[in-house]
There are 2 protein chains.
Amino acid sequence: MQLRRADVLRGARELLDAEGLDGVTMRKLGAALNVQAGGLYWHFRSKQALLEAVAEDLLAGVAASPPAGPWDQRLVTLAHRLRQAMLGVRDGARLIAETFVTEPNTTLAGLTGMQILIDAGLPPEQAAWTMFAVAHYVLGHTIEEQAAGPDRAAKLAALAETGPDVRELAAAIAADPGRRFEFGLALVVDGIRVRLGPRTPADS
Amino acid sequence: MQLRRADVLRGARELLDAEGLDGVTMRKLGAALNVQAGGLYWHFRSKQALLEAVAEDLLAGVAASPPAGPWDQRLVTLAHRLRQAMLGVRDGARLIAETFVTEPNTTLAGLTGMQILIDAGLPPEQAAWTMFAVAHYVLGHTIEEQAAGPDRAAKLAALAETGPDVRELAAAIAADPGRRFEFGLALVVDGIRVRLGPRTPADS
DNA sequence: ACCTGAACACCGTTCAAGT
DNA sequence: ACCTGAACACCGTTCAAGT
């Protein structure tokens, strides 16, 4: 039976999850879908276009339903969803980083973040800039968190041996990523709060 | 005459600057150095090892001299240096992201950030976590900022046409990266200040 | 419309053998 | 010690031709 665009997308995502971004190959994907590698080019202009479609797909749930509550909670929810979306596949954050998408899911996620900050009281331009600051923190954190590497653990252990200060650094890398993410996110949110002035808790 | 490790490193960096990360190839590098691709493996265990050496090299200046002044200025200086180091080569931020280095330059940069925050009054564990939050913001920002892509401008222009709210978002992407970086960095620093309590301005 | 077969111009890595 | 030559097992992409 014939392959649909959605099948290729699903296959690519499964291959990504199984092999990582460097393991995604048009030939392997073809094999998984019982098709020659060249045949995939009927469905997608290029490998890059396929990866961008996977990236857009990955962000599907991020802003599908708008987060509710006070502005800080809404923003934290959105940031969580973004991280979770990227954690949804192996190398998801790297995929997002190496891709430039202007499709609905991606755009809506950005707009939603911006709107939350406008509702909180920021002028539109500041809201957009602030939204990107949050997004960049989330992206940077999640990329690092997903970076696998076989010798990572070994290097880290060796590093921890070299001194007490370096030990503290190594411990931070090895710490629970979820809690570390939360910590940094709260920091950024506090920074935003400063810009809103003192009468924020009363707003919705 | 013979090739030294440093020559390979310099060649790799120049090739990276000229062709981008995806254009760095053992064969092209060999050609640039008048050597067969296989010959490079005498100097470096693998392409990955070579890239990690380039990454470590890139961070040479970041913490070479410790930033001076009040803690917030010291931290901002360090963040600037980190961004500038990554901007020093094409795809520098992506290189740092795809690499896990525990060599002196990289480690010292991390330790310096942590020490600045300890001096500011944070307990060591918080200082380490905070340092990573800053680093992740810088990394995320600089990756996005360096993402080239030929159709980027076209996609962005098309996006700006689709509505006034999206226009604001597109404008933020197209804005001066230096100013945008500054804005987000100040946000993070304000967030840190909140955690230090009210008696900070008096400290050095 | 959707895919095959085959080719083109590449990759990273290994390793005997040369100097 | 440092590198060549040649091979191995791969890549993304194109495109005539098939169905």
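Every heavy atom of this structure was used, including side-chain atoms; hydrogens, water molecules and symmetry mates were not.
Side-chain nitrogen and oxygen atoms of A/His43 include at least one within less than 4.0 Å of the OP1 or OP2 phosphate oxygen of C/dC3.
Listed by residue number, A/Val24, A/Thr25, A/Met26, A/Arg27, A/Lys28 are the residues of residues 20-32 of chain A with a heavy-atom contact under 4.0 Å to DNA chain D.
Other residues, nucleotides and ligands contribute only 12 or fewer heavy atoms inside 6.0 Å of the CZ atom of B/Arg167.
With respect to the salt-bridge test (charged N to carboxylate O, under 4.0 angstrom), the residues A/Glu144 and A/Arg152 qualify.
Distance B/Lys47 NZ to C/dC11 P: 9 Å, rounded to the nearest Å. Protein atom CD of B/Gln2 is 11 Å distant from nucleotide atom P of D/dA1, rounded to whole Å. For the pair B/Leu40 CG and D/dG5 C1', the computed distance is 15 Å after rounding to whole Å. Distance, B/Leu33 CG to D/dC2 C1': 14 Å, rounded to whole Å. The interatomic distance linking A/Arg45 (CZ) with C/dC2 (C1') rounds to 19 Å, in whole Å. Between A/Arg4 atom CZ and C/dC3 atom P there is a gap of 11 Å when expressed in whole angstrom units. C/dG18 atom P lies 20 Å from atom CH2 of B/Trp42, rounded to whole Å. As rounded to whole Å, 15 Å separates atom C1' of D/dC2 from atom CG of B/Asn34.
Distances were taken from every side-chain heavy atom of A/Leu3 (C-beta onward) to each of D/dC3, C/dC3, C/dT14; the shortest belongs to C/dC3. You'll find that the side chain of B/Tyr41 is closest to C/dG12, out of D/dC3, C/dC3, C/dG12. For A/Gln36, the listed nucleotide lying nearest its side chain is C/dG5; candidates were C/dT13, D/dA1, C/dG5.
Between B/Leu33 and B/Leu40 there is a side-chain heavy-atom pair separated by less than 4.5 Å.
No hydrogens or angles considered: a donor-acceptor pair under 3.5 Å links the side chains of A/His141 and A/Glu145.
Pair assignment for D/dC3: none, as no Watson-Crick or G-U wobble contacts are both less than 3.5 Å. With a cut-off of 3.5 Å on both Watson-Crick or G-U wobble distances, the partner of C/dA17 is given as none. Pair assignment for C/dC8: D/dG12, on the basis of Watson-Crick or G-U wobble contacts that are both within less than 3.5 Å.
Under the 30°/60° scheme for interplanar angles, the aromatic rings of A/Tyr137 and A/Phe181 are found to lie parallel.
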Q | From CA spacing to verdict: side chain to side chain contact (heavy atoms under 4.5 Å, CB included), A/Leu95, A/Gln146 | A | CA-CA 11 Å; A/Leu95 175 70; A/Gln146 280 185 318; over 6 Å; no
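With A/Asp190 contributing its side chain and B/Val194 its backbone, the two residues share no donor-acceptor pair below 3.5 Å.
Comparing D/dA9 with C/dA9, their P atoms sit 23 Å apart, to the nearest whole Å.
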